[in-house]
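Structure record follows, encoded as structure tokens.
Just so you know, these numbers come straight off a predicted model, no measurement behind them. Side chains are part of it too, since the values below use all heavy atoms of this structure and drop only hydrogens, waters and symmetry mates. Below, chain A is the first sequence line, B the second, and so on; all start at residue 1.
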Amino acid sequence: MIRHIGYACVNTQLQAKKVKMSTARKSTIDAGGEEVITDLILSNLDSLYKILEWNHKKKIKFFRMGSELFPWLGTYDIRKFKRFDEIEYNAGFVGEYAREKRMRLTFHPGPFNVLCSPNEEVVEKTIKELDAHSEIFDLMGFAPSFDNKINIHVGGAYDDKEATLKRWVQNWRRLKDSTRQRVVVENDDKSSMFAVTDLMQLHKMCNKELPITFDFFHHKFHTGGMTEKEALDAAVSTWPKGVVPATHYSESRREEKVKIITDIFRNNRIPWEDLEKWPTFKEAYDFYSHIKYQAHSDYVDGPIDSHGHTIDVMIEAKMKEQAVFGLRDADTVRKLRAETPLLNG
DNA sequence: CCAGGTCAAGGGAGT
DNA sequence: ACTCCCTTGACCTGG
């Protein structure tokens, strides 16, 4: 069964009302220093609280926080800031709210975090940034647990998976203990990279202290010879007792858009305004059929097969929280799709 | 207020 | 060589 269904980082409806994470460019940070960062953090914590309140009202208990919550994470020591106490108090307040409502909060640091990089500078930056993500959970009052996962990919293959994984493990050991108790790895969507079967090897190399997040969509592009059930079984087995395994689910943007455009022309329905750009079906089809297949759709149809396990599912779709509602009922997704411009991104 | 140019970061794939 | 993709397009400036 699926316990929680969640969404990632952005709430499209609240975003329209300016409730969102804000960051700043390097030049602004350099000019403004810790004052600018402090203001951004406090404002972002306020937005996060509003998003969580919204989630609670809508009975959504699973949410991925954006790393911009603390802009330029890993480049400064928050504890040295003048207004650290204020930050700590507010972070603790939001964390307490999440615990009270029994919400699961996670992070997914960017693809620039590469523990296995041959470049020591990249590794050092990665370690700093991962430790900093972990410290945010500390500030929020969460004890180290894979419940609050910090999800990353292996990050590179360098045409030598064996050596790369060895390097990954060495550098993983350099993380703070509390960080290692939160970091999990996700399977990749490229055949040159790491499928669940590769990650199982990594899991063993890490003394079985590294859980695997199963990404349903990525698995389709890189099965590593496993069926979906086999891969999910394996990934689920890597999570400790007492922590519900987390998974990611998304669908193809190209398939979604091509299906919509085909339906419009087939049914001769009145097109969206922006469809006037495409006078013929062929032109429209050509355009949409060139969208990268691996890109994420606006909404998802499911069904999601938990293959008998109890799992949490993070929906990775462009329309975010609306995609969660869409998944709850097919009529809703039809209505939402009809209201979404074809050319949104 | 808006449009457009620009913006931290690593690695891989498609063109 | 350039663009897109991934965690999240958003910041910032000039008109």
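Nucleotides of DNA chain B lying under 4.0 Å from heavy atoms of chain A occupy a range whose first and last members, 5' to 3', are B:dG5 to B:dA13.
Between the side chain of A:N44 and the backbone N or O of A:S22 there is at least one donor-acceptor pair closer than 3.5 Å.
To the nearest whole angstrom, the two P atoms, one in B:dT6 and one in C:dC4, are 15 Å apart. Rounded to whole Å, the separation between the C1' atoms of C:dC11 and B:dG10 comes to 22 Å.
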Could I get a table of every N or O pair under 3.5 Å where one atom is in the protein and the other is in nucleotides 13-15 of chain C?
none

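Residue A:H248 is classed as having no contact, given no heavy-atom separation below 4.0 Å to the nucleic acid.
A cation-pi arrangement is not found for A:R253 relative to A:Y293, the charged atom failing to lie both closer than 6.0 Å to the ring centre and inside a 45° cone about the ring normal.
Screening A:K320, A:Q322, A:K318, A:K20 for a side-chain hydrogen bond (donor to acceptor under 3.5 Å, both in side chains) with A:T12, the sole residue that qualifies is A:Q322.
Using a 4.5 Å heavy-atom cutoff, the side chains of A:D298 and A:R337 are not in contact. Taking the side chain as every heavy atom from C-beta outward, A:W239 and A:V184 approach each other to under 4.5 Å. For the pair A:Y7/A:F62, no side-chain contact is recorded, criterion being any heavy-atom separation below 4.5 Å from C-beta on. The shortest distance between side-chain heavy atoms of A:V123 and A:R174 falls below 4.5 Å.
Contacts of residues 13-36 of chain A with DNA chain C (heavy atom under 4.0 Å): A:Q15, A:K20, A:S22, A:T23, A:A24, A:R25, A:T28. Applying a 4.0 Å cut-off to non-hydrogen atoms, the residues of residues 161-197 of chain A that approach DNA chain B are A:K190, A:S192, A:M193, listed by residue number. Contacts between residues 105-112 of chain A and DNA chain B, defined by a heavy-atom separation under 4.0 Å, are made by A:P111, A:F112. Listed in residue order, the members of residues 47-58 of chain A having a heavy atom less than 4.0 Å from DNA chain C come to none. Within residues 113-144 of chain A, no residue is approached by DNA chain C to less than 4.0 Å at the level of any non-hydrogen atom.
Ring geometry for A:H218 against A:H153 counts as tilted: the plane angle lies between 30° and 60°, on a 0 to 90° scale. In this structure, A:F216 and A:Y249 have perpendicular ring planes: the angle between them is above 60°, well past the 30° mark. Aromatic ring orientation, A:F217 versus A:F221: perpendicular (interplanar angle above 60°, classes split at 30° and 60°).
In summary, the side chains of A:E186 and A:H248 do present a donor paired with an acceptor at a separation below 3.5 Å, with no hydrogens or angles considered.
Remark: A:K166 NZ is loosely packed, at most 12 non-hydrogen atoms of other residues, nucleotides or ligands lying under 6.0 Å away.
Listed by first and then second residue, the salt bridge (charged side-chain N to carboxylate O under 4.0 Å, His left out) pairs that reach into residues 47-61 of chain A are A:D46-A:K50, sequence neighbours excluded. A salt bridge (charged side-chain N to carboxylate O under 4.0 Å, His left out) check over residues 148-163 of chain A, counting only residues at least two apart or in different chains, returns the pairs A:K161-A:D198.
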For residues 78-93 of chain A, please give each side-chain donor-acceptor pair under 3.5 Å, one per line with the distance, not counting sequence neighbours.
{"from": "A:R83", "atom 1": "NE", "to": "A:E86", "atom 2": "OE1", "distance (Å)": "3.3"}
{"from": "A:R83", "atom 1": "NH1", "to": "A:E35", "atom 2": "OE1", "distance (Å)": "3.4"}
{"from": "A:R83", "atom 1": "NH1", "to": "A:D39", "atom 2": "OD1", "distance (Å)": "3.0"}

Where does DNA chain C pair, written as one dot-bracket string 5' to 3', with Watson-Crick or G-U pairs under 3.5 Å, ( ) inside the strand, [ ] for crossing pairs and | for another strand?
||||||..|||||||
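In this view, A:Y97 and A:Y49 satisfy the ring pair (Phe, Tyr, Trp, His ring centres under 6.0 Å) rule, not counting sequence neighbours.
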